**Student:** 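First, the structure itself, so that you have it in front of you.
One-based numbering along the sequence shown. Just so you know, these numbers come straight off a predicted model, no measurement behind them. These numbers come from the heavy atoms of this one structure, side chains and all, not from hydrogens, waters or symmetry mates.
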Amino acid sequence: MMDEKTMVSDTLAGINGELVRYGEMISQTENMQLKQTLKQIRNQCEQSQEEIYQIARSKQYYVPAAQATREEIEHVKSILMQG
């Protein structure tokens, strides 16, 4: 039997995967009506992801990584600008 923490984590993982797939579909379609529909669905999916994420944070099921320091951000920027 799955516990609540596992269900929340699985739900977040599933939604995150859906968001990736919607992004791929949106960029690959030329039909503007379909593209708009996919964007609306993706936006609803993002709202659901945010709600589940907030639940996970409030119950301490998910603890985000520490924020990057300014030096770390500048280092990554410099690497990306070289490429």
**Student:** Quiz question: by atom type and distance under 3.5 Å, do the side chains of Gln54 and Glu50 form a donor-acceptor pair?
**Tutor:**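 Indeed, the side chains of Gln54 and Glu50 share at least one donor-acceptor pair under 3.5 Å.
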**Student:** Testing the basics here: between Arg21 and Gly14, what is the closest heavy-atom pair and its distance to 0.1 Å?
**Tutor:** NH2-O, 4.4 Å
**Student:** Among residues at least two apart in sequence or on other chains, which ones pass salt bridge (charged side-chain N to carboxylate O under 4.0 Å, His left out) with Glu51?
**Tutor:**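 For Glu51, no residue satisfies salt bridge (charged side-chain N to carboxylate O under 4.0 Å, His left out) once neighbours in sequence are set aside.
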**Student:** Which Ile, Leu, Val, Met, Phe, Trp or Tyr residues join Ile26 in one cluster when any pair of side-chain heavy atoms under 4.5 Å counts as a link?
**Tutor:**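 In the cluster with Ile26 are Tyr22, Met25, Leu34, Leu38, Ile41.
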**Student:** Please report the interatomic distance OG1(Thr6) to OH(Tyr61), rounded to the nearest 0.5 Å.
**Tutor:** 9.0 Å
**Student:** Between Ile79 and Val76, is there a side-chain heavy-atom distance shorter than 4.5 Å?
**Tutor:**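 No, too far: nothing below the 4.5 Å cut-off.
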**Student:** Nearest 0.5 Å please: distance from the CD atom of Gln49 over to the OG1 atom of Thr11.
**Tutor:** 11.0 Å
**Student:** Can you measure from CD (Gln60) to NZ (Lys5) and round to the nearest 0.5 angstrom?
**Tutor:** 9.5 Å
**Student:** Applying side chain to side chain contact (heavy atoms under 4.5 Å, CB included) to Ile73 and Thr69, what does each step give before you reach the verdict?
**Tutor:** CA-CA 6 Å; Ile73 293 169; Thr69 64; over 6 Å; no
**Student:** Could you work out, with salt bridge (charged side-chain N to carboxylate O under 4.0 Å, His left out) as the rule, every residue matching Lys59, not counting sequence neighbours?
**Tutor:** Glu4
**Student:** I need the Lys35 NZ to Gln33 CD distance, nearest 0.5 Å.
**Tutor:**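 So the NZ of Lys35 and the CD of Gln33 are separated by 13.5 Å.
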**Student:** Roughly how far, to the nearest 0.5 Å, is the CD1 atom of Ile52 from the CG atom of Asp10?
**Tutor:**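 So the gap between those two atoms works out to 11.5 Å.
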**Student:** Could you state the interatomic distance from OG (Ser48) to CG (Asn43), rounded to the nearest 0.5 Å?
**Tutor:**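 It comes to 11.0 Å.
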**Student:** Can you tell if the side chain of Pro64 reaches within under 4.5 Å of the side chain of Arg57, non-hydrogen atoms only?
**Tutor:**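 They are in side-chain contact.
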